[in-house]
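Note on naming: letters A, B, ... go to the chains in the order of the sequence lines (proteins, then strands), and numbering restarts at 1 for each one. Reckoned from all heavy atoms, side chains included, excluding hydrogens, waters and symmetry mates.
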Amino acid sequence: MEVYNHKAIEKKWRDYWETNQTYKVDLDSDKPKFYCLDMFPYPSGSGLHVGHWRGYTLSDVWSRYKRLQGYEVLHPMGWDAFGLPAENDAIQKGIHPTVSTANNIANFKRQLKEIGAMYDWELEIDTTDPEYYKWTQWIFLQMYKHGLAYRQEMPINFCPSCQTGLANEEVVGGECDRCGTPVEKRNLKQWMLRITKYADRLLESLKTLDWPEKVLKMQEAWIGRSEGAEIIFSLDNSEQKITVYTTRPDTLFGATYMVLAPEHPLVEKITSASQKSEVEAYIQKTESKSAVERMASKEKTGVFTGAYAINPVNGKKIPIWISDYVLIDYGSGAIMAVPAHDERDYEFAQEFDLEIIPVIQPELGEVPELPFVLDGKLINSGVYDGLTSAEAKEKIVADLKAKNLAEPTVKYKMRDWVFSRQRYWGEPIPIVHCETCGEVPVNEEDLPVRLPDVENYQPSGSGESPLATITDWVNTTCPKCGGPAKRETNTMPQWAGSCWYFLRYTDPKNNNELASKERINKWTPVDLYVGGVEHAVLHLLYARFYTMFLKDIGVVEYDEPFTRLFNQGMITKDGAKMSKSKGNVVNPDELVEHYGADSLRMYQLFIGPPEIDAEWMDSGIEGVYRFIQRVWNLFQRSLADLPEPTKESERLRHRLIATVTERIESFKLNTAVSAFMEYLNQVGNKVDRQSLETLTILLAPMTPHLAEELWQMLGNQPSVFDAQWPEADPDLLIDELVTVAIQVNGKTRGTVEVAVDAAEDDVKAAMADITAVKNALEDKQIVKTIYVPGKILNLVVR
RNA sequence: GCCGGGGUGGCGGAACAGGUAGACGCUACGGACUUAAAAUCCGUUGGGCGCAAGCCCGUGCGGGUUCGAUUCCCGCCUCCGGCACCA
């Protein structure tokens with residue numbers, strides 16, 4: 001009997017697939033399509049660890065499964081290759097990013113090939129390829145022309161370590177998402193994308209997506225829609241007006257003071273002479289605090305400005321304070337404070353002994369302890385007394401609006417996207433600055449604006465990109481007037497290339513458009529998108545925004561790029577995420593060497609529910625390896641002397657088809673693997689040819705190399721992936737005999753084997769000789785019987 | 001604080017729609033094969049009592065609904081992830 005030799009088998013079939021182009025996709029096929037996409041990786045220097053494999057295995061299983069079901073499957077791979085590590089290598093080691101990127105890609109590709117995934121490498125894309133980023137730049141130009149890309153000087157988040165500006169989405173808890181350095185605020189002239197114009201659409205169409213609840217919630221929270229009103233307060237002894245934003249106009253009578261953000265432009269103008277020094281000191285103190293420090297303390301601080309505002313509903317004079325609990329970049333940077341009904345205002349009022357007037361009470365019950373932040377019924381609110389919060393919100397705003405003092409307003413937490421980076425290794429922003437014409441977009445036919453070679457990659461840190469020193473490149477002529485002009489030296493953020501890459505795979509070599517209309521319409525949107533949850537608000541939000549814009553300019557015909565999203569769980573080692581610095585990385589190369597790619601693939605699936613984090617165990621892969629050998633040995637034994645199919649073997653075979661299909665469909669891949677193991681335990685020493693063939697096809701998505709070999713051993717022509725996924729015969733799924741549990745007062749006392757359609761009396765007859773049942777029934781009276789055919793018979797006794 | 005996901009044997013985990021809790025795998029133990037070991041194969045493996053038949057307990061904790069609850073309801077504890085002064 002031949003011994004299972006994973007090395008020989010896996011090599012043989014990888015070569016076969018490559019030579020025969022088994023995974024070549026016919027992009028113009030007439031078959032039904034299935035687009036299964038992995039989030040493409042940044043090709044880092046450290047290579048793939050087993051955690052990366054999990055997602056790739058999952059998507060590959062699905063792709064192969066769909067192919068066996070007769071779909072033309074697009075399952076491509078590429079590289080999101082712009083990024084800081086390559087640039088940092090360039091700075092430290094002088095290796096050109098193009099070189100290190102190419103090396104890293106080669107290594108990643110080797111590892112990905114070892115997984116045995118069915119990628120069609122003809123469709124490979126690379127975001128740093130000028131033929132690719134030409135279209136990234138093209139999209140930017142379209143946005144520019146549609147007023148969605150604009151340049152503005154404003155305080156932005158700046159990472160002093162990465163030496164570049166960051167988008168809000170890249171700041172986590174006041175720290176740089178990439179390197180953990182506390183971010184600073186810097187006033188820089190930045191390119192921005194008007195993503196906020198799409199806020200409502202991005203929020204609304206979340207409802208249409210088959211995505212994990214968690215991601216939908218995270219995006220919803222990030223967009224942060226709130227409905228309220230802007231209300232204009234006039235000042236006492238001044239012509240100035242202050243606009244505040246509130247979601248609780250019903251509490252307006254309880255507004256006993258007002259707070260401006262320290263950075264608010266009016267602060268300077270309204271501060272009284274006597275308060276001036278104190279106010280200035282406070283502003284300075286606020287500015288010196290980092291975002292982290294400012295967030296760390298929730299204790300309320302602030303200073304009175306000496307000015308007063310007039311509450312528009314009752315003419316009451318209220319003091320104006322400044323405090324850092326009011327943020328300059330949300331709403332209008334100013335609030336009306338209602339301490340009786342807002343926790344923060346309450347704390348502040350307590351701290352500085354300001355007036356607290358309750359104006360809302362619960363519709364039922366007592367006047368509660370303050371602050372009472374829920375809706376209720378109005379009190380102390382003049383003519384509005386007795387209205388509910390909902391009624392009052394509407395009425396008060398309407399009445400003020402009639403006097404031009406209020407406007408219903410919707411606000412979002414999401415901000416426009418800070419889109420420029422002061423770094424080298426990114427797509428140049430295709431804009432030219434002309435002395436006479438100002439900002440001029442590069443002509444589309446002049447794209448791509450290529451990244452020039454530089455001597456020194458070191459960012460200046462002053463908000464200038466290293467590109468600024470390449471005078472040959474910077475100095476150009478104006479596309480409009482032909483006069484002298486300078487190129488924009490900022491580059492795009494890493495997210496730019498990944499916002500639309502799924503389109504390019506459908507037509508990666510197209511020189512005339514980012515992809516042809518036909519291909520886009522045939523293949524996209526993506527049917528299944530597999531990747532980690534870390535991109536929940538970054539990549540996935542940006543890509544949705546791009547897609548909506550591309551729809552608006554007629555490139556695509558849908559709003560949403562990814563119909564279904566699956567987030568695979570992390571693989572941990574010693575309870576922690578794998579990382580080089582922790583030294584807990586499990587290297588797949590050694591495991592492939594020792595157990596083979598099929599074993600590793602199958603263990604990745606068996607390790608636990610695919611969406612849940614799982615702890616890596618070396619002994620686990622042993623079990624799967626043993627299983628594969630048992631399959632191998634079953635084939636060896638059976639083929640030496642094939643038995644005929646029996647009723648039982650057919651029943652087991654069809655049940656396996658049904659179970660495996662159902663478990664793949666529902667993403668319960670861990671239990672799909674155990675279904676195979678159970679089958680093997682039940683099927684005995686040898687099985688018939690039909691059973692072996694079915695088993696081979698069912699195994700193929702998980703262990704493709706093994707399946708090809710078994711398929712050939714059965715005398716079939718390769719490839720097994722040209723076979724047809726079997727269908728279960730429903731008649732064979734019904735058991736003739738079933739086990740029914742006998743319960744007394746809900747406690748199981750034994751089981752009986754009866755025919756599927758056994759009547760209650762048959763079961764009662766069959767249970768007669770079970771001692772435990774007899775014991776439990778002794779001296780008791782049966783008062784009720786519950787019979788669930790095929791499941792239980794429960795006797796209720798007294 | 002808010003949102004999301006968890007808590008089941010020694011371990012990873014299973015249980016479709018309220019119906020035999022612990023499938024499947026790992027570990028451990030016992031046995032077969034072997035001069036021996038590895039590999040392989042067979043058996044046992046939630047805890048307790050018992051020679052056995054069998055009995056009791058058991059899905060984070062406390063209640064409830066039900067003939068019957070890991071599953072449904074109420075109130076907690078705890079772990080992980082996300083957000084966090086957004087007016």
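Straight-line distance between the C1' atoms of G1(B) and C55(B): roughly 50 Å, to the nearest whole Å. Between the C1' atoms of G48(B) and G43(B), the separation comes to 23 Å (whole Å).
In this structure, Glu662(A) atom CD and A14(B) atom C1' are separated by 14 Å, rounded to whole Å. For the pair Gln636(A) CD and U40(B) C1', the computed distance is 15 Å after rounding to whole Å.
For Thr196(A) against Arg415(A), the heavy-atom pair with the smallest separation is CG2-C, 3.5 Å.
Sorted by first and then second residue, the pairs that involve residues 745-757 of chain A and meet side chain to side chain donor-acceptor pair (under 3.5 Å), not counting sequence neighbours, are Thr739(A)-Glu753(A).
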Check nucleotides 45-55 of chain B for protein N or O atoms closer than 3.5 Å to its own N or O atoms and list the pairs.
from: C55(B); atom 1: OP1; to: Arg749(A); atom 2: NH1; distance (Å): 3.1

Letter per nucleotide, 5' to 3', of nucleotides 78-84 of chain B [B base touched, S only sugar-phosphate touched, - untouched; heavy atoms, 4.0 Å]:
---SSSB
Heavy atoms under 4.0 Å is the rule here; annotate nucleotides 23-31 of chain B 5' to 3' with B where the base is hit, S where only the sugar-phosphate is, and - elsewhere.
BBSSS----
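Distances shown here put a side-chain N or O of Thr748(A) below 4.0 Å from the OP1 or OP2 atom of A21(B).
As judged by a 4.0 angstrom heavy-atom cut-off over every strand, Thr739(A) is placed among the base-contacting residues. In this structure, Glu615(A) reaches neither bases nor backbone, as no heavy-atom distance under 4.0 Å exists between it and the strands shown. Within 4.0 Å (heavy atoms only), Lys217(A) reaches sugar-phosphate atoms of the nucleic acid but no base atom. Note on Lys747(A): only backbone sugar-phosphate atoms sit closer than 4.0 angstrom, heavy atoms only; bases stay farther off. When heavy atoms are screened at a 4.0 angstrom cut-off, Pro609(A) is found touching the sugar-phosphate backbone but no base atom.
Every stem involving RNA chain B, taken as at least 3 paired positions in a row under the Watson-Crick or G-U wobble test at 3.5 Å, is listed here: B:1-7 with B:77-83, B:10-12 with B:24-26, B:28-32 with B:40-44, B:46-49 with B:54-57, B:60-64 with B:72-76.
Side-chain N/O atoms of Glu611(A) and base N/O atoms of G5(B) include no donor-acceptor pair closer than 3.5 Å.
Residues Lys668(A) and Arg248(A) each lie close to RNA chain B; by heavy-atom proximity, the contact nearer the 5' end of the strand is made by Lys668(A).
A cation-pi geometry, defined here as NZ or CZ lying under 6.0 Å from the six-membered ring centre and within 45° of its normal, holds between Lys411(A) and Tyr245(A).
Annotation: proximity of residues 329-340 of chain A to RNA chain B (heavy atom, distance under 4.0 Å) is found for Tyr330(A), Ile335(A), numbered in ascending order.
Using a 90° window around 0 for the glycosidic torsion, G81(B) falls outside it and is classed as anti.
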